[in-house]
Protein chains: 2
Amino acid sequence: MRILYVEDEKYLADAVIHVLEKSGISVDHAEDGEEGLNLALKPIYDAIVLDIMLPKLSGIDILRDVRERGIKTPIIMLSALSQVEDKIKGLNYGADDYLAKPFKTAELAARLRALVRRPALNDEKIICYSDLYYNLEDRTLNELPLSEKEAGIIEALLKNPEHVLNKEYLLSHVWGSDASGEDNYVEVYISYLRKKLEKLKSKAKIKTIRGLGYKLCSKNSS
Amino acid sequence: MRILYVEDEKYLADAVIHVLEKSGISVDHAEDGEEGLNLALKPIYDAIVLDIMLPKLSGIDILRDVRERGIKTPIIMLSALSQVEDKIKGLNYGADDYLAKPFKTAELAARLRALVRRPALNDEKIICYSDLYYNLEDRTLNELPLSEKEAGIIEALLKNPEHVLNKEYLLSHVWGSDASGEDNYVEVYISYLRKKLEKLKSKAKIKTIRGLGYKLCSKNSS
DNA sequence: ATAATATTTTAAGGAACTTTTAAGGTTTCT
DNA sequence: AGAAACCTTAAAAGTTCCTTAAAATATTAT
């Protein structure tokens, strides 16, 4: 299970993340409303946890925007004690659950599990890495349609993120096992893919390891 | 269960729709009285929820018109607190239930379920997606008659909305299991269907996924 | 049965997109 | 500097898909 957690109080966030990850829930963390909204729009989370008081955009704003776009990912709202009105607003705008601060992290984990144990709305087959999500069914990378060869390459890279794949491997996997020579095929398509990653403004990059091959990695990673 | 919800306050509507859909009620939404009336006349809803204060046509107007045409779909009226007079009017014109604003969405859901648990007026076999309703009995798509092949294809697409169906699948399902070649059959009929969706001004579109097949999707969805 | 109408098949041209090819440019390493 | 590996680009070649209309077939009405 992968969730998004939008929370500006850093100490709290770190503690909560630590406990959640320990119990097998993978957490992406956003520290303000703007970043939170951006991430929330990606169809890769099983649930979203929103603090209400946030810099730039409130949790309510995020909730509203997300729901307006028809995204149905389960959402849990967090807010400081006694802001009962927020609770009502949140539930009205389509939140799935509400938790008053301070809360026990274990309870949050439990509610997340309860929410996500519902029949999957997402039966899509999606491979994720960093801010990329590739849909195997319709061959789209972050909604952008790819051609067959582009798709073959990005799929191989996404299935082996941060690992070097050499050209012979890519050739035989994408073009066929006869692997008749042309390294340039791969070079051309790597170039096309880089252009598309650029267009998507993705943090992920395809790095060249000279003499060895290519690897997919996230901008800030080594 | 599929209902029509006519409501002009967008935020409220989104929140309510979200909760209803989550509880398994499929909701079509109209934002003003005119659109509401148009939709209300389609024989596809198990119930209709009408706000009273609406642009263009009031909920009362819609109610009256719908009932005058002999349509017996259960109707719930919504109105701002204390407009008791509206309540009386509504029930007089043949509303089935009445709910004062603000209301709890869960209560609306409960009342809907109660209303619809009555003997079904609609035993027609209809498949819906987005603003499309296809009647299996007389092979009409939003009242527009289709030929056998057209019907076969739209039926397959409607039964698998937002999923890619390839040509071989469509060929074998519509033309027969021998699936003798001709991809062009499918292409021709997809073209005919697109023309009809256009004519119906539907929000739904048939998308081509080059090399893979076709998928039905709603304009704004991915 | 025959004509009128509608549907399905066939076919062909062209539009849109993909892949291959090729050539020139850049980077990296020795 | 020179060589090898890699990048980028664009034109050529190849595919797939769209659209249309006429021919063949089936259906319905007269």
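Computed over heavy atoms, backbone and side chain alike; hydrogens, waters and symmetry mates excluded. Keep in mind that this is a model prediction, so the values were computed, not measured.
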Tell me whether the OP1 or OP2 atom of D:dC17 has a side-chain N or O from B:Tyr189 closer than 4.0 Å.
-> no
Closest listed nucleotide, where the reference is the side chain of B:Glu187 and the choices are C:dT8, D:dC6, D:dC17 = D:dC17
Does one side chain, of A:Thr208 or A:Arg194, offer a donor that lies under 3.5 Å from an acceptor on the other?
-> yes
Is the closest side-chain donor-acceptor distance between B:Asn142 and B:Tyr133 under 3.5 Å?
-> no
Nearest-Å distance for atom pair CD1/C1', residues A:Ile190 and D:dC6 = 11 Å
Whole-Å distance between D:dA23 P and B:Glu182 CD?
-> 19 Å
Ranking B:Tyr192 and A:Leu146 by the position along DNA chain C of their nearest nucleotide, the one closer to 5' is B:Tyr192
Between NZ of A:Lys149 and P of C:dT19 the distance, given in whole Å, is 5 Å
Chi angles and distances behind the salt bridge (Lys or Arg N to Asp or Glu O under 4.0 Å) call for B:Glu155, B:Lys159 = CA-CA 6 Å; B:Glu155 194 182 317; B:Lys159 282 180 177 166; 3.0 Å; yes
Are OP1 or OP2 of D:dC6 and a side-chain N or O of A:Ser191 less than 4.0 angstrom apart?
-> no
State which of C:dT9, C:dT18, D:dC6 makes the closest approach to the side chain of B:Trp175.
-> C:dT9
In whole angstrom, give the distance that lies between atom CD of A:Glu148 and atom C1' of C:dA16.
-> 17 Å
Between D:dT16 atom C1' and B:Ile209 atom CD1, what is the distance in whole Å?
-> 14 Å
Below 3.5 Å, does any donor atom in the side chain of B:Arg210 face an acceptor in the base of C:dT18, or the other way round?
-> no
Comparing B:Glu150 and A:Val188 on DNA chain C - which has the more 5′ nearest nucleotide | B:Glu150
Between atom CG in A:Leu193 and atom P in D:dC6, what is the gap in whole Å?
-> 17 Å
Can a donor-acceptor pair under 3.5 Å be found between the side-chain atoms of B:Asn184 and the base atoms of D:dT19?
-> yes
To the nearest Å, give me how far apart CD1 (A:Ile153) and P (D:dC7) are.
-> 11 Å
Provide, to the nearest angstrom, the distance between the NZ atom belonging to B:Lys207 and the P atom belonging to C:dA16.
-> 18 Å
Looking only at side-chain atoms of A:Ser147, point me to the closest of C:dT19, C:dT7, D:dT19.
-> C:dT19
Under 4.0 Å between a Lys/Arg side-chain N and an Asp/Glu carboxylate O for B:Lys196 and B:Glu150?
-> yes
Compute whether any side-chain donor of one residue and acceptor of the other, for A:Glu35 and A:Asn38, lie under 3.5 angstrom apart.
-> no
Return no unless some side-chain N or O of B:Lys195 is found under 4.0 Å from OP1 or OP2 of D:dC18.
-> no
For the side chain of B:Tyr185, counting heavy atoms from C-beta on, which of D:dC18, C:dT19, C:dT9 is nearest?
-> C:dT9
Side-chain N,O (B:Lys167) to OP1/OP2 (D:dT16) below 4.0 Å = no
